[in-house]
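The structure under discussion appears below in the form of structure tokens.
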Number of protein chains: 4
Amino acid sequence: MKTDAPLSPVRLEAHAGPGQPDPSPELETLYRGFESELLVPLWTEIGDLMPLHPKSKATPHLWRWDRLVALAEQAGRLVPVGRGGERRAIALANPSLGGKPYATPTLWAAIQYLMPGENAPEHRHSQHAFRFVVEGEGVWTVVGGDAVRMSRGDFLPQSGWNWHAHHNAASQPMAWIDGLDIPFSYYTESQFFEFGRDTISPAEKTTPQRSRSERLWGYPGLRPASQPDALTATPLLAYRWVDTDRALAEQLALESEGHAVTLSPGHAAVRYTNPTNGRDVLPTIRAEMHRLRAGASTVVRREVGSSVFQVFDGSGAVTVGDRTWAVARGDMFVVPSWVPFTATAVAAPSPDGSPTLDLFRFSDTPIFEALHAHREMAA
Amino acid sequence: MKTDAPLSPVRLEAHAGPGQPDPSPELETLYRGFESELLVPLWTEIGDLMPLHPKSKATPHLWRWDRLVALAEQAGRLVPVGRGGERRAIALANPSLGGKPYATPTLWAAIQYLMPGENAPEHRHSQHAFRFVVEGEGVWTVVGGDAVRMSRGDFLPQSGWNWHAHHNAASQPMAWIDGLDIPFSYYTESQFFEFGRDTISPAEKTTPQRSRSERLWGYPGLRPASQPDALTATPLLAYRWVDTDRALAEQLALESEGHAVTLSPGHAAVRYTNPTNGRDVLPTIRAEMHRLRAGASTVVRREVGSSVFQVFDGSGAVTVGDRTWAVARGDMFVVPSWVPFTATAVAAPSPDGSPTLDLFRFSDTPIFEALHAHREMAA
Amino acid sequence: MKTDAPLSPVRLEAHAGPGQPDPSPELETLYRGFESELLVPLWTEIGDLMPLHPKSKATPHLWRWDRLVALAEQAGRLVPVGRGGERRAIALANPSLGGKPYATPTLWAAIQYLMPGENAPEHRHSQHAFRFVVEGEGVWTVVGGDAVRMSRGDFLPQSGWNWHAHHNAASQPMAWIDGLDIPFSYYTESQFFEFGRDTISPAEKTTPQRSRSERLWGYPGLRPASQPDALTATPLLAYRWVDTDRALAEQLALESEGHAVTLSPGHAAVRYTNPTNGRDVLPTIRAEMHRLRAGASTVVRREVGSSVFQVFDGSGAVTVGDRTWAVARGDMFVVPSWVPFTATAVAAPSPDGSPTLDLFRFSDTPIFEALHAHREMAA
Amino acid sequence: MKTDAPLSPVRLEAHAGPGQPDPSPELETLYRGFESELLVPLWTEIGDLMPLHPKSKATPHLWRWDRLVALAEQAGRLVPVGRGGERRAIALANPSLGGKPYATPTLWAAIQYLMPGENAPEHRHSQHAFRFVVEGEGVWTVVGGDAVRMSRGDFLPQSGWNWHAHHNAASQPMAWIDGLDIPFSYYTESQFFEFGRDTISPAEKTTPQRSRSERLWGYPGLRPASQPDALTATPLLAYRWVDTDRALAEQLALESEGHAVTLSPGHAAVRYTNPTNGRDVLPTIRAEMHRLRAGASTVVRREVGSSVFQVFDGSGAVTVGDRTWAVARGDMFVVPSWVPFTATAVAAPSPDGSPTLDLFRFSDTPIFEALHAHREMAA
């Protein structure tokens, strides 16, 4: 009695086409043999498996910030924060990735929300993470006992395997976005997780303006002589908006003075880096802030790997493949692998008075650079 | 009529459990809102997404060499080799990866088969590849015009984006195995492919014993002064059995003489490396040959990432998680991420007279090492 | 008539001793043969050439700042600055290095002096350099057209082969110190020099508070996305005292709060680094600022390679080998290779009110680290 | 009355010239002040210290092998080998380096000679070393207990801080050359030395054809999986002539077949490398073997840093700066920094039948590459 084939997950069908064998009873027998032995031929799969260039399963998509915040507020009332669920985080699910909480095949992007006085319990995981604050303040992320303030425009990297918790010390709720490499770690099956204390100590609920990490590491080009060389993970736990903003403003000012320091005319950008090695702030995630002068556009380009953007300020239009959206503060969108992208700032200052379009971006580029697989092209 | 929700791929269900909000009509409304906006909360997914350690979707499985060869021979009669299908390659499909041609989540492993006089057309791709020959001879792989002989025990790396074709110059068919990072490239959407000439020139159909690459690079510790430093891809196109065999035999001999040069008692191993930088032979694939003295076992260990093995010679038993198989020449099996593995050589020499168990292994370890995400433990 | 031997620079003398051949007429003949053929045996030289540990030819020595400044002022009146002499720089000559302008066998240290309105002409050289300002202001160093302000406490690296000039825009003279790897480059015969314009353009004689390099690079952990990766030379042309001072103060404050961030109790230190790779600010020179709390001492240690120190502020005592000096602002001293060094801050605040002893230090350590030859020990 | 000035090693003289201050009594006073304070101005020294390009203190020079061997044999009769003198090594003393045993400012090159049955006692030092054998056999170098055969054409690297001794197991004397970075270590004051056992054990006086290191590491592209990654020092203790010869012969053969694998027409070369990282075989010394086809010449070039050559086989002419010599087996010569060099093989096979000119070369290039200070040019 034959029972193997029905149980096999492999399903092969002979079909005509270039490079395909002629359908025949013998071929059918062969294909049943493949199924029975859990084998799949290259010739039926190659077009999908090995395309001429990346054809992303992900879709360009945009999420409106007001909708995200509205749902997060609703969750704030209904969903407690505590051990087990760990975080009140709500992730973007790319429409063509099967309903999974993946903004792109490799990146997780979520809005996290904490009510006044709430604490998210301590844990650590091998996945690399960051927080970015588009609005609000009042939450401190406590990393290994170091309380790090979160305020509008701040970028807080959280490299893998560091203990961390969140604490809302204010009288109003706060929302921010989290970025992680959860889908990549999940797919490559390389993730570890450990629960910590359910609540941090009162002593850790301090609310300093500057974290210990900033007091130790937050100076351009200076490193504490007591610390070891070239740390894999950045020891700087907050990159403040005051610095980011000034760096971008100066790039545009220098451009106006005639110096070639922008990516293209009117397009300034800074990358967050690990000060101990000058490389990307996290081993798997690149994070950048871009600023477009009113009326300026980025060069249209495509690159290997995917990105998630959040509009930090201003307004404009973004085009991802064949989709174009008008965007405003807080809106988030994804750029799948090898899909052309460009952004344009509105010609006149935005209604809120911002003379520029500021875009926060994170991507999986360091993965490809580490493996010598990165490519990009203007297009 | 609004129809977004029904079209959403997101499906959320409230359920009781630690860290979960209490089911309620308001929660249902919230979840419908999430679905409508393409959002997924962390708290319903965290157990699967962020486990305490990798829990592989892949299953330990073993493929018998005689069954692979029998089906490949059958395919040799029915399936032509040519442009479009590109290769008569038949891939291992892990039983729990949905019928896809993935031996593991990141690795492709296939038997390739070429009839006398046949040619596989030229192409190139960004995926990294290798050939390993468990038996037979007669085929030359032509890489950028350099004809490389394939014989039992030889390992032929084929780093990404090099033109290559295969040519069977013998009067009998030949089978060998191919290993590639196709699933990894597919998932991360970083792959490129280009068609080359349909047939290589007669001048390239030479059948030299040593390829040009070996004549230039095949000397321990010597590099041609004319060549550039630290190539990403290994320039050595064949690692011959005579060297591999001798290296393993000498490790065991040195061990017998009292020197600590084996991985554990009776367990010798060599890694194929890129001579220009001493690192793994391919940026995404580690390849090794292991030899167990009769009666010896490997230390039981688990590590991040997955491996595919082929028994090169001898016989013994392998245990992958809760599965154990007796194995013989040519058998192939997979070790998923973080699943314990051990192998034992039979105590007496094998029927074919081999005094040892030789195991060829390849894995995705370089990916994790490059990203500082590798872990392993004895267990 | 034989005349070779008298012309030979080799002079050998037989002498009794362990490992030495017995003097004899035959040995004399052999030694004359060596001289004639320009040969020197190991056995007569090994004790000096290959000691058990470094025995420096250099001597611990201290130069008083008031004497340096007095002579520099005198030179300011007598010695013009211009093409040919290039700079009004006066170098420390270690007393046991033959009267050469070498502070140590590898390092050049000099006081440079510029009168009101004077310009030092443009040139570039492969030697790496820096300026450090212990007092005064008013001079701008113009590097590739970028005018960089020099003020008390500032550190200005000047990596090799960049065009540079100096311009005194003030109404009073200014002195500062220069550090270079001139002796190392000279000895290893690896130096290049090129003359530039005799005078920089009026447009370059601007006196901005912040240089273009600071406007582009002077933010902790942020890099301009338009700039290339991992530059050999630091692109940041000034490390300002406000940052250095704050970094040191915070280390001591964090220590007081119970955190292990100092080198030893009461001993804070920062290293100037290249922000593009996190490594030493110059390929051959390490530069650091140290701060000792009142009454604190550094751990006594010795290390391969030599250092030059300048007292930036406060007062205390330093011990180099068997020499001890009381030191005050501006004093400079050298620590030869493998000679033990320690410093102690006076127990009470210094007369000028400084509660600490601040020591600027530069050394040749990166040379030894790059060649895997660095060693150090507490002793 | 004590007068410092007469004791100062500094001697300054005012002289007229471009960039020099006008001689005057005041200038004399200033210069006496400099002398008294151990100071030297840049303006009197810059021409020598900072030349437009390296102007080596070393002189091109050639030593004839028959003269070296004759003196070594004489030393063999008169000079014992033992503790204290350590080695019967006789070093080349560049004629313009003051009679010191420096072939060049950074490199030591010596002929070493061991009589039948003699042992050179065990020691270790931080200086990096190698042996190269131009003729003879019979000596084994014992490195950490591993006896390494020395035969014609073999290259034996000896990286710093490994215990080593030499043992002549034959019935005739043997000579070979040693290369070390002794002058560089001496000048930079970074050397350590330790005495070992006076005599190695009988068990270590074995005379194996292949050392343990070769049995473990001597296979192209294969590394023992049990060994750690990327060792600073090469673990391969002998690079055999059979490999070097074949690699050179194949380069010329491939050139004849139309492939661009030589440095220039008729000029093949291999570099000895550390197989664990693909870099130079020693951190401070590059070693190469060059082969010129009969009648072929090298491109004339100059580079930063110095080289020592030994003619391994054949005959021809070499030009170093303005010196040209006809050379034959064993002759040694030096190429100082930035001095143009070229070699030409005799048009007809040499008297001993060799159809090529083989030149062994070592240099200090890795020092400059590690410090980003290397330059070269055709000239």
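Every chain is numbered from 1, with letters handed out A, B, ... down the list of sequences.
To the nearest 0.5 Å, atom OG of residue D/Ser190 and atom CZ of residue C/Arg375 are 10.0 Å apart. Considering OG of C/Ser126 and NE2 of D/His374, their distance stands at 13.0 Å, rounded to 0.5 Å. Rounding to the nearest 0.5 angstrom, the gap separating the NE2 atom in D/His372 from the CG atom in C/Leu282 is 11.5 Å. Between the CG atom of C/Leu52 and the CD atom of D/Glu194 there is a distance of 8.5 Å, given to the nearest 0.5 Å. Here the CG-OG1 distance, from C/Leu38 to D/Thr59, works out to 9.5 Å after rounding to the nearest 0.5 Å. To the nearest 0.5 angstrom, C/Arg67 atom CZ is 6.5 Å from D/Ser36 atom OG.
The choice from D/Thr232, D/Asn94, D/Ile111, D/Ile367 that makes the most heavy-atom pairs within less than 4.5 Å of chain C is D/Thr232. When the candidates D/Gly82, D/Ser306, D/Pro54 are compared by the number of heavy-atom contacts under 4.5 Å with chain C, D/Pro54 comes out ahead. Of the residues considered (D/Ala89, D/Gly305, D/Ala370, D/Gly98), D/Ala89 shows the highest number of contacts with chain C, using heavy-atom pairs under 4.5 Å. The candidate with the highest count of non-hydrogen atom pairs below 4.5 Å against chain C, out of D/Pro80, D/Pro283, D/Ala75, D/Pro51, is D/Pro51. Ranked by heavy-atom pairs shorter than 4.5 Å toward chain D, the options C/Gly47, C/Ala233, C/Ala91, C/Pro41 are led by C/Ala91.
Shortest non-hydrogen contact noted between C/Leu78 and D/Leu27 is CD1-N, 3.8 Å. Here the closest heavy-atom approach between residue D/Leu71 and residue C/Gly33 is recorded as CD1-O, 3.8 Å. Between D/Val10 and C/Ala93, the shortest heavy-atom distance links the atoms CG2-CB, 3.8 Å. Across all non-hydrogen atoms, the minimal contact from C/Pro95 to D/Pro9 is O-CG, 3.2 Å.
Contacts between C/Phe195 and chain D at a heavy-atom distance below 4.5 Å involve the side chain alone, from C-beta outward. Heavy atoms of D/Asp364 lying under 4.5 Å from chain C are absent altogether. Both the backbone and the side chain of C/Leu92 come within less than 4.5 Å of a heavy atom of chain D. For C/Pro183, the parts lying under 4.5 angstrom from a heavy atom of chain D are both the backbone and the side chain. In this structure, the portions of C/Phe34 lying under 4.5 Å from any heavy atom of chain D include both its backbone and its side chain. If you measure heavy-atom distances from C/Leu97 to chain D, you find no contacts under 4.5 Å at all. Residue contact with chain D, scored on non-hydrogen atoms closer than 4.5 Å, involves the side chain of C/Glu45 exclusively. For C/His53, the parts lying near chain D are the backbone and the side chain together; criterion is any non-hydrogen pair under 4.5 Å. Residue C/Ala110 does not touch chain D at all, counting heavy-atom pairs closer than 4.5 Å. Only the side chain of C/Ile46 has a heavy atom closer than 4.5 Å to any heavy atom of chain D. Interface remark: C/Gln127 contributes side-chain atoms only to the contact with chain D (heavy atom separation under 4.5 Å).
The main-chain N or O of D/Glu189 is found under 3.5 Å from a side-chain atom of C/Ser337 such that the two form a donor-acceptor pair.
Below 4.5 Å, heavy atoms of chain C meet heavy atoms from D/Pro18, D/Gly19, D/Pro21, all part of residues 12-23 of chain D.
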* Asked: How far apart are the C-alpha atoms of D/Lys55 and C/Tyr186, what are their side-chain angles, what is the distance that settles it, and do they pass the side chain to side chain donor-acceptor pair (under 3.5 Å) test?
  -> CA-CA 9 Å; D/Lys55 294 188 193 302; C/Tyr186 182 78; over 6 Å; no
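Ring geometry for C/Tyr187 versus D/Tyr187: interplanar angle under 30°, hence parallel rather than tilted (30 to 60°).
Looking only at side-chain heavy atoms (C-beta outward), C/Ile90 and D/Val40 stay at 4.5 Å or farther from each other. Contact check for C/Val79 versus D/Leu30: side-chain heavy atoms found under the 4.5 Å cut-off. No side-chain heavy atom of D/Thr188 sits less than 4.5 Å from a side-chain heavy atom of C/Pro105. Contact check for C/Leu49 versus D/Tyr102: side-chain heavy atoms found under the 4.5 Å cut-off.
For D/Trp63, the ring pair (Phe, Tyr, Trp, His ring centres under 6.0 Å) partners two or more places apart in sequence, or in a different chain, are D/His61.
A cation-pi arrangement is not found for D/Arg83 relative to C/Trp43, the charged atom failing to lie both closer than 6.0 Å to the ring centre and inside a 45° cone about the ring normal.
Applying the 6.0 Å contact sphere to CZ of C/Arg279 captures no more than 12 heavy atoms from other residues, nucleotides or ligands.
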